[in-house]
Amino acid sequence: TGDRGRRGFLIARDALRRAGVLGIVQAGLAGLSVADDDILTVDEIPHDWLMPQCAAVVHHSAAGTTASGLRAGIPAVPVPVRTDQQFWAHRLTALGVSPGPQPFRRLRADDLADELRRATADTALRERARWIAGRIAAEDGAGRVVEMVEATAAAPGFSSRSWSSERPDPRRKREIAGGQVLRARTR
C-alpha cells in the first residue's frame, strides 16, 4: 500500500487543487495523508456524519461506502480498486448519481479534477442523489428482510433442520426457487 498510498496522495492533492474545491481525505488502509491549506486528512470518521456535509464524495466504491454515499444523498466519483468495486461504480453511474467511474489503475489528477467539478456542479446528479436518498430513508429494510425470511420458511419443502449446524444429510439437495437458494429433502 506504500506506493499506492503515495500515488493516491499525489492524485488527490492535485485533483482537489485543479478542481478548486476543499477536500477531506480519509487516510484509510492506503495511509493517505494530504497536507494542504484546503485539504484536511482524517483517520476514521463515521460516514453517516461526514458525507451529508459534503458536496460530493470520491471513494473506492465498495458496497458499504457506496451505500453510505447513497444514504447521504450526494453525487459520487467512484475510484474502484478491486473485486466488486467495479460493479458498484457502474451501478452508481446507472443510478444517475455519478459522472462515471475512474479506475485507480488509470487514474490521473486531471481526470479526477474534471469528475470532481462535474459531481459538485451538475444539478441533475445532485437532484438524483437526493431523490435516491429519500427513497432509501423511506424503506423499511428490516421489515423487508423479515418478509423474505418468512416467505422462505413457508416455501414448500423448507425445513428448519436444513439450516442446522449438524453434518449435512446426503438425502438433501439444493433447489433454486424464485431466485432464492433453498435446501429441501429429496424423496
Checklist entry - Any side-chain heavy atom of R71 sitting closer than 4.5 Å to one from D48? => result no
Checklist outcome for this item: Between P78 and G100 the two heavy atoms that sit nearest each other are CD-O, 3.8 Å
Checklist entry - Between E147 and R144, is there a salt bridge with N-O shorter than 4.0 Å? => result yes
Item to check | R18 side-chain N/O to A109 backbone N/O, donor-acceptor pair under 3.5 Å | outcome: no
Checklist entry - Do P99 and L125 come close enough that some side-chain heavy atom pair is under 4.5 Å? => result yes
Checklist entry - For the atom pair CD1 (I74) and OG (S98), what is the distance rounded to the nearest 0.5 Å? => result 11.5 Å
Checklist entry - Is P103 close to Q86 at the side-chain level, that is, under 4.5 Å between some pair of heavy atoms? => result yes
Next on the checklist: Between V77 and V21, is there shared hydrophobic-cluster membership here, with clusters defined by ILVMFWY side-chain heavy atoms closer than 4.5 Å?
Outcome noted: yes
Checklist entry - Which heavy-atom pair separates R106 from R7 by the least distance, and what is that distance? => result C-NH2, 4.1 Å
Item to check | Q85 vs T65, side chain to side chain contact (heavy atoms under 4.5 Å, CB included): CA-CA, chis, key distance, verdict | outcome: CA-CA 10 Å; Q85 296 168 358; T65 310; over 6 Å; no
Checklist entry - Please walk me through it: do R17 and D38 pass salt bridge (Lys or Arg N to Asp or Glu O under 4.0 Å)? => result CA-CA 8 Å; R17 284 180 181 164; D38 296 335; over 6 Å; no
Item to check | CG-CH2 distance between L70 and W88, expressed to the nearest 0.5 angstrom | outcome: 8.5 Å
Checklist entry - So how far is it from I39 CD1 to R13 CZ, rounded to the nearest 0.5 Å? => result 8.0 Å
Item to check | Verify same cluster id: L40, W49 (apolar side-chain graph, 4.5 Å) | outcome: yes
Checklist entry - Once you round to the nearest 0.5 Å, how far does OG1 of T66 lie from CG of L95? => result 10.0 Å
Next on the checklist: Looking at R117 and D122, would you say the former's side chain and the latter's main chain have a donor-acceptor pair under 3.5 Å?
Outcome noted: no
Checklist entry - Can you hop from V25 to V79 via hydrophobic side chains spaced under 4.5 Å? => result yes
Next on the checklist: Let me check something: do V97 and W131 share a hydrophobic cluster, defined by ILVMFWY side-chain heavy atoms less than 4.5 Å apart, either directly or through other members?
Outcome noted: yes
Item to check | Smallest separation among heavy atoms of A72 and A133, with atom names | outcome: C-CB, 4.4 Å
Checklist entry - Are L107 and L116 joined in one hydrophobic group, where the rule is that I, L, V, M, F, W and Y side chains link up if heavy atoms are under 4.5 Å apart? => result yes
Next on the checklist: Quick one, P101 and H90 - any side-chain contact, counting heavy atoms below 4.5 Å?
Outcome noted: yes
Checklist entry - Between atom CZ of R128 and atom OG1 of T123, what is the distance when rounded to the nearest 0.5 Å? => result 14.0 Å
Next on the checklist: So for atom CD, which belongs to Q53, do other residues, nucleotides or ligands contribute more than 12 heavy atoms lying within a distance under 6.0 Å?
Outcome noted: yes
Checklist entry - Is R82 positioned over the aromatic face of F104, cation under 6.0 angstrom from the ring centre and no more than 45 degrees off axis? => result no
Item to check | Shortest non-hydrogen contact from A119 toward P75 | outcome: O-CG, 3.3 Å
Next on the checklist: Distance alone, cut at 3.5 Å: any donor-acceptor contact between the side chains of H59 and Q26?
Outcome noted: no
Checklist entry - Rounded to the nearest 0.5 Å, how far apart are CG of L16 and CD1 of I11? => result 11.5 Å
